[in-house]
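Worksheet: the structure to be examined is printed underneath.
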2 protein chains.
Amino acid sequence: MLIDQRHLPGDLRIERCESVEAVARAIRELRVRGAPAIGIAAGFGVAIAARDSTAEAVADLFVDLERAAALLKATRPTAVNLAWAVDRVVAAASGCLTIEESRQTTLSVAQRIARDDLASCHAIGSHGAPLIPENARVLTHCNAGALGTAGYGTALGVIRSAHAAGRIREVVVDETRPVLQGARLTAWELLCDGIPVTLITDNAAAHFMQRGRIDVAIVGADRIAANGDVANKIGTYGVAVLARAHDIPFYVAAPLSTIDLSIPDGSHIPIEERSPDEVTTIGGLRIAPDNVRAENPAFDVTPSRLVSGIITDRGVARAPYAESLAALFRESTLSSARQASA
Amino acid sequence: MLIDQRHLPGDLRIERCESVEAVARAIRELRVRGAPAIGIAAGFGVAIAARDSTAEAVADLFVDLERAAALLKATRPTAVNLAWAVDRVVAAASGCLTIEESRQTTLSVAQRIARDDLASCHAIGSHGAPLIPENARVLTHCNAGALGTAGYGTALGVIRSAHAAGRIREVVVDETRPVLQGARLTAWELLCDGIPVTLITDNAAAHFMQRGRIDVAIVGADRIAANGDVANKIGTYGVAVLARAHDIPFYVAAPLSTIDLSIPDGSHIPIEERSPDEVTTIGGLRIAPDNVRAENPAFDVTPSRLVSGIITDRGVARAPYAESLAALFRESTLSSARQASA
């Protein structure tokens with residue numbers, strides 16, 4: 001079950017995805033969005049495929065799971081959490097000896113991914129809150145909140161933790177065209193939590209920085225390369241350039257599952273091109289001439305030199321990121337190994 | 001008569017403004033917008049006030065004109081063309097000896113402002129076109145086109161002249177939230193003229209620059225201070241910062257009537273704050289939570305250090321602007337004096 005985010009903030013609708021195809025469609029159509037959340041949804045998609053499989057042998061079931069995995073991974077190309085979660089659930093099934101064990105294992109790994117993500121968000125919040133100055137006016141872009149994760153959020157996790165510590169004066173939210181995740185989702189989440197919010201158009205962010213209205217900027221991420229380059233919602237790179245021009249710290253908050261050490265830098269991150277209709281219409285309303293050509297890249301890449309720090313569930317990485325991110329993974333593996341042997 | 005721009009591009013409606021109040025409302029409600037166009041409309045507003053006045057003495061008529069001037073100048077604070085045009089028409093009436101002469105003079109000066117603006121736009125186009133490189137991909141923001149002037153446009157005048165000279169490969173148009181003048185008006189104008197256009201969200205401009213898709217940026221202006229600081233549509237300042245970060249020339253195109261030598265720099269330009277409803281709704285559709293706080297500054301100020309050149313009807317000014325802009329006015333006055341004595 002997931003919130004169909006397309007109808008927020010006007011309408012809080014819960015959707016029950018009864019098949020792997022329904023999960024894939026929910027991801028493709030942005031009913032669920034946000035890198036960690038689509039990873040979690042896709043993980044459950046594999047578990048649903050295991051449940052629904054009519055295979056009578058484990059090997060045949062595994063073929064069904066691989067077909068489900070391919071379907072899910074093809075929905076959206078940029079967020080690495082999607083492939084990461086799908087691969088993790090499928091890999092867990094590969095060691096199973098019976099169909100029933102495969103079904104239980106895929107479900108429990110999917111559930112664990114969701115549980116771990118919630119814990120990661122709280123850890124990100126704890127690591128990030130001390131970076132937010134007292135009485136801070138914080139700018140955020142898109143939605144890196146509870147809706148984009150298993151709960152609490154990444155960038156909004158830091159904001160929630162900083163707010164709990166009494167450090168937040170105001171959160172300035174970019175509306176985030178074309179899909180308006182800032183206006184529809186982030187503003188709604190912050191209002192629900194009683195955190196002071198001011199909504200602006202994306203165009204107004206530079207003016208707010210110029211007028212001294214922003215102390216720090218913080219965003220989420222869809223994929224982070226080994227060198228610290230960050231793919232995130234279109235417009236993020238512009239915010240990062242503007243923050244640098246105004247000497248405003250620019251932080252990225254994401255769990256380790258968003259970091260892709262297999263690619264050296266951001267040039268290897270595929271950027272999803274979505275339908276031009278998202279640009280030329282809003283909620284079914286046509287806002288541009290009928291026959292106009294439009295382009296709609298859904299993400300951009302912020303080079304790591306513009307990133308003041310990457311706030312992860314395992315701590316804050318600083319430049320040079322090639323070293324600091326690799327070190328977080330080494331510590332994470334050690335700590336997992338220690339937990340496993342304990 | 002003016003085009004009610006709120007209904008474009010879907011519907012081309014001509015509105016007949018029968019009273020000075022109707023003109024003031026048309027300006028306030030953005031039926032007509034663009035610094036030169038609202039100046040022209042307001043000039044005709046004074047002429048309409050002269051026509052409609054029931055005064056029987058010239059002194060009483062002049063009181064009516066001053067009341068009309070105050071009404072018109074209060075509609076929008078940022079564009080200096082508005083006050084400039086109103087003052088010019090009222091001043092012309094001040095020398096008139098009869099009511100009939102006042103009516104004829106105000107009308108003929110209003111008509112002359114419109115005629116001169118059209119000529120200015122063509123001159124801006126001629127001066128600016130050589131600055132556009134061969135095969136250029138040009139970014140523009142908001143609408144500085146025929147709709148925002150008496151015709152041809154300022155920034156779009158340069159683009160039209162460059163296109164006529166075969167230099168334009170593509171015009172990339174920022175949609176320009178909140179009122180979407182880029183999506184609704186600029187895209188429409190360019191399509192009507194057969195100039196290749198690609199519409200993007202404001203968020204995508206930085207990504208396009210990063211990918212080498214933009215060779216030059218050009219915008220209009222609502223007011224330019226004596227030192228070359230430029231007030232223009234919200235988001236312009238962000239475009240200027242981004243252009244500088246990518247070594248892309250950033251030009252401003254405007255007639256001398258947009259330059260306000262009475263203020264030393266941009267900090268003296270009043271920035272209009274418009275209704276938050278423009279941010280929280282689009283075409284009547286609610287896109288944000290009901291009780292969210294929003295801010296809606298309609299303009300921002302780009303410091304002259306980010307401006308590669310100011311393309312006027314009298315030539316191109318370059319830094320240091322305090323000297324170059326003042327020189328354009330001296331030459332303009334000399335040339336007017338020469339014309340008058342010829």
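Here is the naming used below: chain letters follow the sequence lines, and residue numbers restart at 1 for every chain.
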At what distance, to the nearest 0.5 angstrom, does CH2 of B/W188 lie from CG of A/N291? 12.0 Å
Please report the closest heavy-atom contact between A/V241 and B/A245, naming both atoms and the distance. CG1-CB, 3.7 Å
Under 4.5 Å from any heavy atom of chain A, what part of B/I282 do you find: side chain, backbone, both or neither? both
Looking only at A/L180, A/V292, A/I287, the option with the highest number of non-hydrogen pairs under 4.5 Å against chain B is A/I287
Could you look at B/R286 and say if it's the side chain, the backbone, both or neither that has a heavy atom under 4.5 Å from chain A? neither
Please name the residue in the list B/V197, B/L190, B/L191 that meets the side chain to side chain contact (heavy atoms under 4.5 Å, CB included) test with A/P289. B/L191
Part of B/E295 lying under 4.5 Å from any heavy atom of chain A: both
Contacting region of A/A187 [heavy-atom separation from chain B under 4.5 Å]: both
Of B/Q210, B/E278, B/R184, the largest count of non-hydrogen pairs under 4.5 angstrom with chain A goes to B/Q210
With only heavy atoms counted, which part of B/P297 is less than 4.5 Å from chain A, the side chain, the backbone, both or neither? side chain
Spacing of CE belonging to B/M209 relative to CG belonging to A/D300, to within rounding of 0.5 Å: 12.5 Å
dist A/T280:OG1 -> B/E175:CD (nearest 0.5 Å) comes out at 10.0 Å
Just how far is it from atom CG of B/D202 to atom CG of A/N203, taken to the nearest 0.5 Å? 3.5 Å
Under 4.5 Å from a heavy atom of chain B, the part of A/L8 involved: neither
Select one option (side chain, backbone, both, neither) describing which atoms of B/L185 are under 4.5 Å from chain A's heavy atoms. neither
Region of B/F299 in contact with chain A, defined by heavy-atom distances below 4.5 Å: backbone
Under 4.5 Å from any heavy atom of chain A - which part of B/R211: side chain
Can you find a pair of side-chain heavy atoms, one from A/H207 and one from B/T236, that are under 4.5 Å apart? no
Counting only non-hydrogen atoms closer than 4.5 Å, does B/L285 touch chain A with its backbone (N, CA, C, O), its side chain (CB onward), both, or neither? side chain
Is B/A204 close to chain A through its backbone or its side chain, or both, or neither, when contacts mean heavy atoms under 4.5 Å? both
Checking heavy atoms, do the side chain of B/E170, its backbone, both or neither come under 4.5 Å from chain A? side chain
Tell me, out of A/I200, A/D174, A/V173, who's got the most heavy-atom pairs with chain B below 4.5 Å. A/I200
